[in-house]
Undergrad: 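Mind looking over this structure? Questions follow.
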Amino acid sequence: MNTITIPDFNQTIPIDKIGVEERVSRLNKRSIKKESKMQALKLALSMIDLTTLEGKDSEGKVIQMCRKARVPHASRPDLPSVAAVCVYPTMVATAKKALEGTNINVASVSTAFPSGMAPRQVKLDDTRFAVDQGADEIDMVISRGEFLKGNYNYIFDEIAEIKEACGDAHLKVILETGELETYENVRKASDIAMYAGADFIKTSTGKISPAATQPVTLVMLEAIRDFYRDTGIMVGMKPAGGIRKAKQSLQYLVLVKETLGAAWLTPEWYRFGASSLTNDLLMQIIKQDTGVYQNPDYFSED
Amino acid sequence: MPDRIEVLKTYKTYVGGNFPRSESGRTYPVNNRDGENIANACRCTRKDVRDAVGTARSAFGGWSSRSAYNRGQILYRIAEMLEGRKDQFTEELEKAGLKRKDALREVELSIDRLIYFAGWTDKYPQVFGTVNPVASSHFNFSSPEATGVVGIILDDSSNLLSLISTMAPVIAGGNVCVVIAPEKQPLSAISFGEVLHASDVPGGVVNILSGFRDEVIDTLSGHMNVNAVLNTVDNPEVRKLIDENASISVKRVKHLPVESWSDESLENPYLIIDFQETKTTWHPVGV
């Protein structure tokens, strides 16, 4: 049954930096108009992980955000709701309750998010707590320090153990690409995460700049494609942080379509980790319908 | 030696303190009164308008919260900078076909008008603010406050003075603006961007676009993020379009058809008040 051979992670897969960036800039020039644009905007809206990860988060704020997740724009109840909300573990129960009766998932960050600087046991407890509270998805961070030291087995074991602790919950692995320095490292971290059992790979915590960029996303998408070819297992992708404009989100969707194909263009396999993107998508959708550019004052913040 | 081919300048737009070209990359030739081609200007699109409005909006908070005194200083500074570049502007107006005497007069009037409105910044709230008698034990007062982003649409009746006469009262009152330069003679208006850039006006407070009016008026007057429109085009169809578009977000609209921009009646503080909202405060007293 288990025929997957785990590659030697000490081997580096070379990445053509210029090639990646050229390809991204070429795909960015693709023009999406009219009906297909409208479709793409609605699709992007349905792929959002509406996120609040601040030290000042309160139950009130989480409940408010969950309301926005159900009905992103009150005057347009026909628009799709978002895919999930993403909160800290202590807010999972609140979010779960606020989203009762919907199919919006609750995702929880864990493993000492955002730094990941905690002992293994603490990270496992953190994850189990979130799952017990009812989280459907777990967003874990990898230990970037260990990774950069070349301690790849450590990362692999860490992810595998967290995956086990997740039980039925989906596991998203945050690589924090802004700290990995090179595309080769991004590729390697993606491979490690996928072979260790990740259901999703995610670019960033959103706490480090640069967060998600399109070239990094392309490298990760190619890693997913190669993993699928080798093992037949589909892994999802979630760029997070820094995606604020509807136009950017459409460019990301083009990257997915061109790299992985239409099978990945569903909220099940592709997500955007964002909060302010939601309103820009709404503004663009309303603009397409009414023909006039919109004012952010008319859209609820949470 | 062959005759030299003159290099025609392409005048770029002024948005957010920078000089970008139109996102479309399009330009159109600008001719002088004799029909000779003297330069090129950017032919802006609705997307340029959208970007400029966004930029203006983000500059609004900072500009409107500056002290009135400071705004006055900055307006005065624009006048100083324009005085220093009087020759350049006179020459440019001459190139466009004005007589030297008229060109010089237009520039001088522009400078004077800036100084006129610079003086009003910290005075109009006192003149137009009121203390209101009320029946309860409250101290009740009203004061004018900036409305927000103002779209200014200029006709072809003047090259520079129309821009100054409309922009100065708008920004003196703490508003920010997106200006559509005169279509046929946009050069002086756009060069004025260079003056703004060199003075202390924060980027985004004044944004100047050039192009075909018919292509941009609809977007500018319909944009939900624009709070008011000042229109100088005296054409019933244009007025109707603006009025209808403005009704969507209940914008303030001021139609200001002007026969002669040198008319002294344009030096009047009511032009500031046209773009102000009245805020009334009830303050309990004597309890």
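A, B, ... follow the sequence lines: proteins, then strands. Residue 1 opens every chain.
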Undergrad: Is the number of heavy atoms from other residues, nucleotides or ligands under 6.0 Å of B:His197 NE2 greater than 12?
TA: no

Undergrad: Could you list the residues that satisfy salt bridge (Lys or Arg N to Asp or Glu O under 4.0 Å) with B:Glu215, not counting sequence neighbours?
TA: B:Arg26, B:Arg43

Undergrad: Are there more than 12 heavy atoms of other residues, nucleotides or ligands under 6.0 Å from atom CD of A:Glu301?
TA: no

Undergrad: Hey, what do you get for CZ (B:Arg50) to NZ (A:Lys287), rounding to the nearest 0.5 Å?
TA: 8.5 Å

Undergrad: Mark yes when over 12 heavy atoms from residues, nucleotides or ligands other than B:Lys184 sit less than 6.0 Å from its NZ; otherwise mark no.
TA: no

Undergrad: Is any side-chain heavy atom of A:Asn295 less than 4.5 Å from a side-chain heavy atom of B:Ser249?
TA: no

Undergrad: Is any side-chain heavy atom of B:Met224 less than 4.5 Å from a side-chain heavy atom of A:Tyr293?
TA: no

